[in-house]
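Worksheet for the structure shown next.
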Amino acid sequence: MCADKKLPKTIEDIEVVVHETDFLIIGAGNAGCFAAIEAKRKNPDLKVTLLEKAHIDRSGCLAAGMDAINTYLKKGKTIEDFIKWSRSQAGGLLREDLAIKVAENLNKPVEEWEEWGLPIKKDEDTEEYANRGKWDITIQGESMKPIIAEKVREYGCEVLNRVVATNYLTKDGRVVGAMGFGVRNGKMYVVKAKATCIATGGAAGLYKPYTNDGSGSHHQLWYCPFNTGAGYAMGIRAGAEMTTFEMRWCATRTKDFNGPIDTISVGYGTPMINAKGEKILQKRYADMGGDAAPRFIRANAPMEEWMEGRGPCFVDTREMSDEDIKQMKTDYLNERPSYVLFLAARGQDLKKEPIEIYGNDPYIVGGHTASGYWLNSEDWSTTIPGLFACGDVAGGVPNKFVGGCAAEGLLAARGAVEYIAKLEDDIEIDESQIEAEKERVYAPLFRMINEGEGIKPKEMEERMQRLMDEYAGGVHQFFRMSEEQLQYALKHIKILQDQVKYLVANDLHELMSAHEVIDRLDVAEVLIYHLMYRKETRWPGWQTRTDYPEKNDQEFDCFVNSRKNPETGKIEVFTREYKQIVPGDRLKPN
Amino acid sequence: MPPKINLTKCDGCKAEEEPLCEQVCPGDLMTLNEDGKAMCRDAGDCWDCMCCTKICPQGAIETRLPYQLGYYPAKLIPRVGTNKIMWTCVDINGKVERFVVKTRND
């Protein structure tokens, strides 16, 4: 439908829709859906509302499907085993208090998903889920998002699709809902809520992807390109404490498609080799555990090989059986079907030609690394009362993946339901914040109408991505950065933040794109502060400082946290102590 | 360029309030052109997730990879059933492969 017919011409034209609810969840992906269902189970009388930028049936990371659950506690495995493994994979840094609670809840959502219709392979002899790796099980998850969306509706939750959240509603330092706009109808949405849970996922598109040729492949990313860091940005603007942004998710992906790699390497045990045919992990990283080396080592290994002149690198599929190759392609059809198309478009016979691998553009994603909101492990609340967080936007628990994000949905909902039960007062909203947000949100539309020209969202996005790539350790710089480069990036990110007043939007889709870039600039700024603060190299690849190439445990064996002071607008960076609960060497998996 | 619309097959999902491809696209990229046929606003912003291709009741949408990444004319065509998808893949040399993927428990 022609969107521009519905475009408001003046600020008075904007219709404001007010919803009142008990529990608002922003983002109806995996974590948000589980939060909604759990809230209804805990208290069926609660009104639960989900705000979704896309459509709940196919939104977020699981839009295309998924072929594995990477964190499932199998028979014989303990929570302690899981923490030790996850901790070592993350270079020894994770919130153990949070991770233990996530581990306690890992299996329930997966088993429920199966009950609701998700096909999961079973071992014929044991009747247990079929193994894919130590913690991984293979699923046939093409429809796992529609399956859980049906359950959300069945439980009687309200879903507002195609509404882009832009900022929280606040009252006396408390979050009391959120504001946003309808990308289909142009209306402003004000949702007042007793408790709010943010579940918008991580941030893609901060860095320039190497697949971007100027046309045609801007979004050839591994992480969902429509997760643009809105939840982080809203939290930053509201003064929420954030943790560990500097632990970026840079991974080994299939070259030129940015497809998942564990499907091949973990699922089928194919070795990673360089151009000389050497098994990289076994040859160069034996002391770090070889094939079981921490994730950041595996992520960085092919890029190091390239730097040393031993690229391109591959996962060697040439020894795979015909059945395994067929099965592996079937796995891909469950998660990223277009990868099978990619192999066909290369005319590639995997028995003769191995699959090329490379690093991806860095993402901020709390389901894989530890970036996100700083949480209270009692109830999954953030540092702002009334606001809870789960999934990729929540910090502290790396390697939680799909299962862990779902588990966090349960945990955040339980915290929120208890919080709601204790509330006494009704919420009165200061209307002036709605007016101010209306002006901020629709400014790019009115600038186009009144001025007729300005900066297009994509132009600003590309400027930001180039800056981050070249000066803040992007894939073209082999993830490396220095103080001077970061200072340069920061200076220009601040210029861009000042220039958002020139953004123009021709329609509601472009208005969404404008806010996606505004949000990403706020995330990028905080990210640079975190990268500057950690004057060491803790996770080569994820965070490589050429000026501080060594790890410095004396100063930095701790969390780096930040908070934008809403009064001064300054980003304050500080540390939080590491608290070990599970004994043992934090760098060893057992 | 992803996704490619067969304008003869596409009927704009006339019976629906909003065409199905527009309903599901996670990137808000699908819409109707002035002739009431599906179009992608910006092919470069497509994730190639194939949600539109799988849901189209007319089989009018084909996902094509950007040429910069993959050669012409490979095809991957889904036939969506209640509990499974039958995929047909044709590579640039004309080699055909078929796959059956279970999507829901029976």
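Here is how names work: the chains are called A, B, and so on, in the same order as the sequence lines, proteins then strands, and each is numbered from 1.
Residues forming a side chain to side chain contact (heavy atoms under 4.5 Å, CB included) with B:Asn93 (at least two apart in sequence, or on another chain): B:Asp91. A:Asp256 meets the salt bridge (Lys or Arg N to Asp or Glu O under 4.0 Å) test with A:Arg346; sequence neighbours excluded. Remark: A:Met512 pairs with A:Lys53, A:Val164, A:Phe181, A:Val183, A:His509, A:Glu516, B:Asp28 by the side chain to side chain contact (heavy atoms under 4.5 Å, CB included) rule, at least two apart or across chains.
Contacts between A:Trp113 and chain B at a heavy-atom distance below 4.5 Å are absent for every atom of the residue. Neither the backbone nor the side chain of A:Glu52 has a heavy atom closer than 4.5 Å to any heavy atom of chain B. For A:Tyr339, no part sits under 4.5 Å from any heavy atom of chain B, backbone or side chain. Residue B:Trp47 touches chain A through both its backbone and its side chain, counting heavy-atom pairs closer than 4.5 Å. Of the atoms belonging to B:Cys51, it is side-chain heavy atoms, and not backbone ones, that fall under 4.5 Å from chain A. Residue contact with chain B, scored on non-hydrogen atoms closer than 4.5 Å, involves the backbone and the side chain of A:Leu341 alike. Neither the backbone nor the side chain of A:Lys255 comes within less than 4.5 Å of any heavy atom of chain B.
For the atom pair CD of A:Glu461 and CG of B:Asp45, the computed distance is 7.0 Å after rounding to the nearest 0.5 Å. In this structure, CG on A:Leu333 lies 8.0 Å from SG on B:Cys89, to the nearest 0.5 angstrom.
Looking only at heavy-atom pairs under 4.5 Å with chain B, the residue among A:Asp57, A:Ile56, A:Thr330, A:Asn161 that has the most is A:Thr330. For the set A:Ser59, A:Ala64, A:Gly60, A:Gly117, the entry with the most heavy-atom pairs within less than 4.5 Å of chain B is A:Gly117. Contact tally against chain B (heavy-atom pairs below 4.5 Å) for A:Ala54, A:Ser143, A:Gly65: the top residue is A:Ser143. Most heavy-atom pairs under 4.5 Å with chain B, from the set A:Glu142, A:His55, A:Gln348: that is A:Glu142. Comparing B:Val90, B:Asn83, B:Ile85, B:Val24 by how many heavy-atom pairs each has under 4.5 Å with chain A, the most go to B:Val24. Counting heavy-atom pairs closer than 4.5 Å to chain A, the top-ranked of the candidates B:Ala74, B:Pro26, B:Cys25 is B:Pro26. Residue with the most contacts toward chain A among B:Leu69, B:Leu76, B:Asp42: B:Leu69 (heavy-atom pairs, distance under 4.5 Å).
When side chains are defined from C-beta on, B:Lys54 counts as touching A:Arg58, because their heavy atoms get closer than 4.5 Å. In this structure, B:Gln68 and A:Gln220 have side chains that are not in contact, with every pair of non-hydrogen atoms separated by 4.5 Å or more.
Interface with chain A: from residues 95-106 of chain B, residues B:Glu97, B:Arg98, B:Phe99, B:Val100, B:Val101, B:Lys102, B:Thr103, B:Arg104, B:Asn105 qualify, criterion being any non-hydrogen pair under 4.5 Å.
Within 6.0 Å of NZ in A:Lys458 there are more than 12 heavy atoms belonging to other residues, nucleotides or ligands. Within a 6.0 Å sphere centred on NZ of A:Lys456, other residues, nucleotides and ligands contribute 12 heavy atoms or fewer. In this structure, B:Arg79 places its CZ atom where only 12 or fewer heavy-atom neighbours from other residues, nucleotides or ligands lie under 6.0 Å away.
Checking side-chain atoms of A:Arg336 against main-chain N and O of B:Asp48 turns up no donor-acceptor pair under 3.5 Å.
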